Amino acid sequence: MLLLGKNVLLGVSGGIAAYKTPDLVRKLVAKGASVRVVLTSSAEHFVSPLSLQAVSGNTVSNDLLDPAAEAAMGHIELAKWADYLVIAPATANLLAKMANGIADDLLTTLYLASVAKTVVAPAMNQQMWQAASVKRNIALLSGDGVEFIGPAAGEQACGDVGPGRMVEPQDIADYIDNITEVEQTLSGKTVLITAGPTREAIDPVRYISNHSSGKMGYALASAAKAAGANVVLVSGPVSLSPPAGVERVNVDSAQSMHDAVMAKVNDADIFIACAAVADYRAIDQAENKIKKTSDELTLTFTKNPDILKDVAALPKAPFTLGFAAESQKVEHYARGKLEKKKLNMIAANDISIQGLGFNSDQNALHVFWPEGDKVLSADSKTNLAHTLISLMASHYNNK
Ligand code: C5P
C-alpha cells in the first residue's frame with residue numbers, strides 16, 4: 001500500500017486500450033491511491049466517463065471550459081493536487097502535443113501546469129510506434145523527464161503484430177507503486193549499466209550474436225533513474241528506446257562495450273553488468289565477404305575481455321552487480337562467479353525455465369551476496385528491476 005495517501009491523476013486519450021482504464025483505476029485504488037480521471041474528447045468514444053466515475057469515486061473531467069468542473073476543482077488546482085500524472089493510453093497525437101507544448105484541451109493543459117512525476121503508457125499501431133516523428137517526440141519527452149512504460153509487443157486490435165500494445169493495468173499500477181518504493185535511494189549516485197547482446201563480426205556482412213533483447217538492462221536503467229541515480233547505459237544493438245533521462249552509449253562488439261565501460265567507469269558508484277557479452281570473437285575478421293566455395297567452413301575464435309571482472313578488479317572499483325544465466329546448479333555456479341569475479345552481488349536466472357528470461361517480458365531471479373541471498377519470484381522485468389534496484393541500493397547504502 002505504498003500509494004496510500006498519494007494522488008494519481010489519470011489522463012486517458014483516444015485509443016482502443018482506453019477500455020482497460022476502469023480496471024487500471026481499480027488497481028490504483030486497491031493500492032491506496034486517490035484517483036481522478038481526465039478524458040480527452042476522443043477517449044469518450046472508447047470508455048464511458050460514468051464507469052470511470054463509479055470506480056474512482058470522483059467526477060471525471062473532460063473539458064477545459066466547463067464552468068461546473070472549474071467551480072468544483074479548477075484545472076490549476078487539479079494539476080497541483082496530483083502526486084503522479086499517469087497517461088494511459090497515450091496516443092501518437094497526444095505525445096506530439098505534449099512534446100511540443102500544445103495545450104488545447106484539459107489533459108494537455110494539466111500536463112503543462114503540473115510538476116507531478118509523469119508516467120506515460122503509449123498505445124498505438126506498431127507501424128505508428130515506429131514512425132520517425134513518434135520516436136522524436138518520445139526522445140523529447142524523455143529529455144523532459146517523462147517516464148515511459150511500454151508499449152508491450154504482441155497482437156494488436158487492428159490485427160497487426162508488433163510493439164504498440166498498452167502495458168497491462170496491473171503492470172502500470174505496480175510500476176507507479178514501485179516508483180514510490182525506490183524513491184531517491186540512489187540520489188546523487190552514478191550507475192553504469194551494460195545491456196543487450198554484442199555482435200562479433202566474422203566478415204563485413206556477418207556476425208555472431210545471441211538472443212538477448214536488452215529488456216532487463218533497460219528496465220534496470222529505468223528503475224535506477226526512478227531511484228534518483230544518474231544513469232549511463234552502455235547498450236549493444238537492441239530495438240528499445242532509451243529510458244527517460246538516461247544517457248545511452250551505443251556499442252556493438254564485446255571489445256567496444258569494454259572500451260565504452262572503461263571510459264565511463266571512473267565516474268560510476270555502481271556498475272551493473274546485465275549485457276549478454278559474447279565470450280569469444282573471430283581471431284581474424286575477413287576483409288571481404290566469405291565466399292561459399294568449400295563445403296565446410298572453420299572459424300577460429302579467441303576469448304573476449306571479461307568486462308565485469310575487469311571492472312571489479314579496478315583499484316577504485318565501484319559496487320558491482322553481475323548476472324549469471326544458468327541452466328543447472330544455479331546457486332553453485334552463481335556463488336562461484338560471485339567469488340571468482342570478486343563481485344558485491346550477483347543475480348542468477350535459471351534459463352531452463354520456459355517463458356522466463358531471454359527475450360521474454362518476464363523473469364525470476366535468485367540474488368546472492370557474500371553473506372546471504374534472496375529469491376525474487378517470477379514477475380514482469382519492470383517490477384523485478386525495481387525490486388532488484390531497491391535490494392541493491394540497501395546493500396550499497398549499508399556498505
Ligand atoms: O562468466 P559469465 O559470462 O557467465 O558471467 C556473466 C556476467 O559477466 C554477466 O554479468 C555479464 O554481463 C558479465 N560479462 C562481462 N563480460 C564478458 C562476459 C560476461 O561483463 N566478456
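Keep in mind that what you see is a predicted model, and the values were worked out from it rather than measured. Counting starts at 1 for both ligands and their atoms, in listed order.
- With respect to D23 and R26, a salt bridge is recorded, a charged nitrogen being found less than 4.0 Å from a carboxylate O.
- Aromatic pair Y175/H386: centroids less than 6.0 angstrom apart.
- Using a 4.0 Å cut-off between charged side-chain N and carboxylate O, E147 and K225 make no salt bridge.
- Counting protein heavy atoms only, atom 7 (C) of ligand 1 is closest to F323 O, 3.0 Å.
- Looking only at protein heavy atoms, the nearest one to atom 10 (O) of ligand 1 is A273 O, 2.6 Å.
- Counting only N and O atoms by type, the side chains of S235 and Y218 include a donor and acceptor under 3.5 Å apart.
- Under 4.0 Å from ligand 1, not a single heavy atom of A276 appears.
- Distance alone, capped at 3.5 Å, is enough to place a donor-acceptor pair between the N344 side chain and the T320 backbone.
- Interface of G322 with ligand 1, defined as ligand atoms under 4.0 Å from a residue heavy atom, comprises 10 (O).
- Put simply, no part of N304 is less than 4.0 Å from ligand 1, judged by heavy atoms.
- Closest to atom 3 (O) of ligand 1, if we only count protein heavy atoms, is D279 OD1, 3.9 Å.
- Ligand 1 has an N or O atom lying under 3.5 Å from an N or O atom of K337, backbone or side chain.
- Looking only at protein heavy atoms, the nearest one to atom 21 (N) of ligand 1 is P305 O, 2.8 Å.
- With hydrogens and angles ignored, the 3.5 Å screen pairs a side-chain donor or acceptor of T118 with a backbone N or O of A116.
- The pair K6-D83 does not count as a salt bridge, with every side-chain nitrogen at least 4.0 angstrom from each carboxylate oxygen.
- Within the 4.0 Å heavy-atom criterion, neither part of H258 lies near ligand 1.
- Counted by atom type alone, N230 and T190 present one or more donor-acceptor pairs between their side chains at under 3.5 Å.
- Taking the ring axis of F368 as reference, the NZ or CZ atom of R335 does not stay both within 45° of it and closer than 6.0 Å to the ring centre.
- The pair K97-D104 meets the salt-bridge criterion, since a charged nitrogen lies less than 4.0 angstrom from a carboxylate oxygen.
- Atoms of ligand 1 lying under 4.0 Å from any heavy atom of A275, numbered from 1 in the order shown and given with element: 11 (C), 12 (O).
- Taking distance alone, with nitrogen or oxygen atoms compared against 3.5 Å, V277 stays at or beyond that limit from ligand 1.
- Contact annotation for I307 and ligand 1: heavy atoms of both the backbone and the side chain come within less than 4.0 Å of the ligand.
- Among all non-hydrogen protein atoms, the one lying nearest atom 1 (O) of ligand 1 is K341 NZ, 3.0 Å.
- Shortest contact from atom 20 (O) of ligand 1 to any protein heavy atom: L308 N, 2.9 Å.
- Geometrically, ligand 1 and E326 share no nitrogen or oxygen pair separated by less than 3.5 Å.
- Using a 4.0 Å cut-off between heavy atoms, K309 makes no contact with ligand 1 at all.
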